[in-house]
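First comes the structure, then the notes that go with it.
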2 protein chains.
Amino acid sequence: MSESGPKFRREPAEQRKEALILSTLSLIAEKGVRGATVRAIASRADVTQGLIRHHFSSKEDLITAAYEHHMSHMTDLTAAPGAASHHSCKSRLAAFVTNGLKPPVVDPRSVSLWAGFLNKIREDPRMQAIHEQTYHDFRDRLEALIADALTEAEIDTPSSQLRGLAIACNAVIDGLWMEGGALPGAFETGELPEIGLRSVGAIIGLDLEETENRS
Amino acid sequence: MSESGPKFRREPAEQRKEALILSTLSLIAEKGVRGATVRAIASRADVTQGLIRHHFSSKEDLITAAYEHHMSHMTDLTAAPGAASHHSCKSRLAAFVTNGLKPPVVDPRSVSLWAGFLNKIREDPRMQAIHEQTYHDFRDRLEALIADALTEAEIDTPSSQLRGLAIACNAVIDGLWMEGGALPGAFETGELPEIGLRSVGAIIGLDLEETENRS
DNA sequence: TTGGTATTTATACAAGTGTATAATTATACT
DNA sequence: AGTATAATTATACACTTGTATAAATACCAA
């Protein structure tokens, strides 16, 4: 009975912070924002609740950090995979579209996570800033890909039109992503990427589907 | 001091229920789901909190009813205005698209209202059923309008393709609606309807913009 | 080995939450 | 006018929430 190791481990602040952030995200995704209480978060990270206040000045601080973490993760997940492995601009654009419309990006947890945060965006200016920046970051990447693909196909497009195309394509992707996550089971496997490719292709005036199955 | 009228008014159940639902909706839209407490709802409806439990078996019941109310309202708002005043099928489709991309449908309150509910959809089967039905109802109307417009233009389209077109157009509208509501000020007046018309037109292969300014 | 210190736990608290129950009171009907 | 009844209020309760503060403890440096 007298045998007992250390009762807890001291970890570097950065590491603990990330663990708490990940706990927060998984909890919001799983049980909704309402389920992400300080006690639940601490429990999932295997610490006691007091620690949260030590690393974050308030719960709102933690939520904000978690939101930022999640959003940049999502964008990376859509943009990154195999960015260099595609030869043509067109196939890079196609990959961007399909990446955003397949798991793990399309996922019920992801959508409800996003929705959970949306409420706080209106109230908290910091949240609003993150939201705005994430949206524009994503859309700008998309716009660049579209511009490249059109240039490659020798289609001349004024930049004023380009903005509208990017907004529209972004909307298709967002809309399909949302519906796929909110209604799992309502779409066949591969249906969303297919529809996404065809729609984006129709909007910008290129056939994206022919370039798909290219690894 | 001895002078005092009736301390409260008895109203028909149906009327009180709706008043409570409207209070709930305005409160969620304004302060988020977290702000919609039984006390706040009752206060906004000028009643005491006990009355909520008299008309609804639980708060969840009220939330569910409010969700149902809101969703059917949104669909009506998009579909209804001037349904008969349009001559061609194409202009009816165009009106459907633009209606959903203008105020009052596009509105920060509306979007955060929708997002607030989304969390509860995953947990509550009744919510899920309402969500599913609302989505399909909206999409079916859209699909019918698309089918009519294509028939009118003498473009033959198999029903298997029609489904994909409706999903895609629905996604564009949803995505634009979401972005317009989540980022008020990021888009010029009339920009969303314009982009919506052009995109839906491109997807189904019809020029919807020429038919617009028709009252 | 011995402090020193930031990390971590332990405990407490005030405010707000949804719910339950009994006491009032308006109103329709006889 | 009187009464039954459903609507409405009033009050209370048990529980959860975020936050605050003090005590304990692991780990680094000397």
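Protein chains get the first letters and strands the later ones, always in sequence-line order, with residue 1 at the start of each.
Proximity of residues 27-38 of chain A to DNA chain D (heavy atom under 4.0 angstrom from any strand atom) is restricted to A:Thr37, A:Val38. In the region residues 120-127 of chain B, proximity to DNA chain D at under 4.0 angstrom, judged on heavy atoms, holds for none of the residues. If you check residues 55-66 of chain B against DNA chain C, the residues with a heavy atom closer than 4.0 Å are B:Ser58, B:Lys59, listed by number.
A cation-pi arrangement, defined by a distance under 6.0 Å to the six-membered ring centre and an angle within 45 degrees of its axis, is absent between A:Lys120 and A:Tyr67.
In this structure, B:Arg126 pairs ionically with B:Asp61, as a charged nitrogen and a carboxylate oxygen lie closer than 4.0 Å.
Put simply, CD1 on B:Ile41 is 14 Å from C1' on C:dT19, counting in whole angstrom units. We find that CZ of A:Arg16 is positioned 11 Å from P of D:dC27, with the value rounded to whole Å. Here the P atom of nucleotide D:dA22 and the NE2 atom of A:His54 are 15 Å apart, to the nearest Å. Between the CD atom of A:Glu14 and the P atom of C:dT7 there is a distance of 11 Å, rounded to whole Å. Remark: C1' of D:dA26 and CG of A:Leu51 are 13 Å apart, rounded to the nearest angstrom. Rounding to whole angstrom units, CD1 of residue A:Ile52 and P of C:dT7 are separated by 16 Å.
Remark: A:Arg163 CZ is packed, more than 12 non-hydrogen atoms of other residues, nucleotides or ligands lying under 6.0 Å away. Sparse packing is recorded around CD of B:Glu60, with 12 or fewer heavy atoms of other residues, nucleotides or ligands lying under 6.0 Å away. Heavy atoms of other residues, nucleotides or ligands lying less than 6.0 angstrom from CZ of A:Arg34 number 12 at most. In this structure, B:Lys31 places its NZ atom where only 12 or fewer heavy-atom neighbours from other residues, nucleotides or ligands lie under 6.0 Å away.
Below 30°, between 30° and 60°, or above 60°: for A:Tyr135 and B:Phe187 the angle between ring planes is above 60°, a perpendicular geometry. A perpendicular orientation is assigned to the rings of B:Trp114 and B:Trp177, their planes being inclined by more than 60° (bins at 30° and 60°).
For the pair B:Val105/B:Asn99, no side-chain contact is recorded, criterion being any heavy-atom separation below 4.5 Å from C-beta on. Looking at B:Val47 and B:Arg16, their side chains come closer than 4.5 Å, going by heavy atoms from C-beta outward.
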Strictly under 4.0 angstrom, non-hydrogen atoms only: write out the protein contact profile of nucleotides 23-30 of chain C, one letter per nucleotide from the 5' end, B, S or -. --SBS---
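For C:dG16, the base has no donor-acceptor partner in the side chain of B:Arg39 [N/O atoms by modelled type, under 3.5 angstrom].
A:Gln49 comes within 4.0 angstrom of a base, heavy atoms only.
For A:His54, the side-chain contact (heavy atoms from CB on, under 4.5 Å) partners are A:Leu51, not counting sequence neighbours. With sequence neighbours excluded, the residues that form a side-chain contact (heavy atoms from CB on, under 4.5 Å) with A:Leu145 are A:Arg92, A:Leu93, A:Phe96.
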With side-chain contact (heavy atoms from CB on, under 4.5 Å) as the criterion, how do B:Arg141 and B:Thr75 come out once you've worked through the C-alpha distance, each side chain's angles and the decisive distance to 0.1 Å? CA-CA 10 Å; B:Arg141 294 193 198 211; B:Thr75 302; 3.8 Å; yes
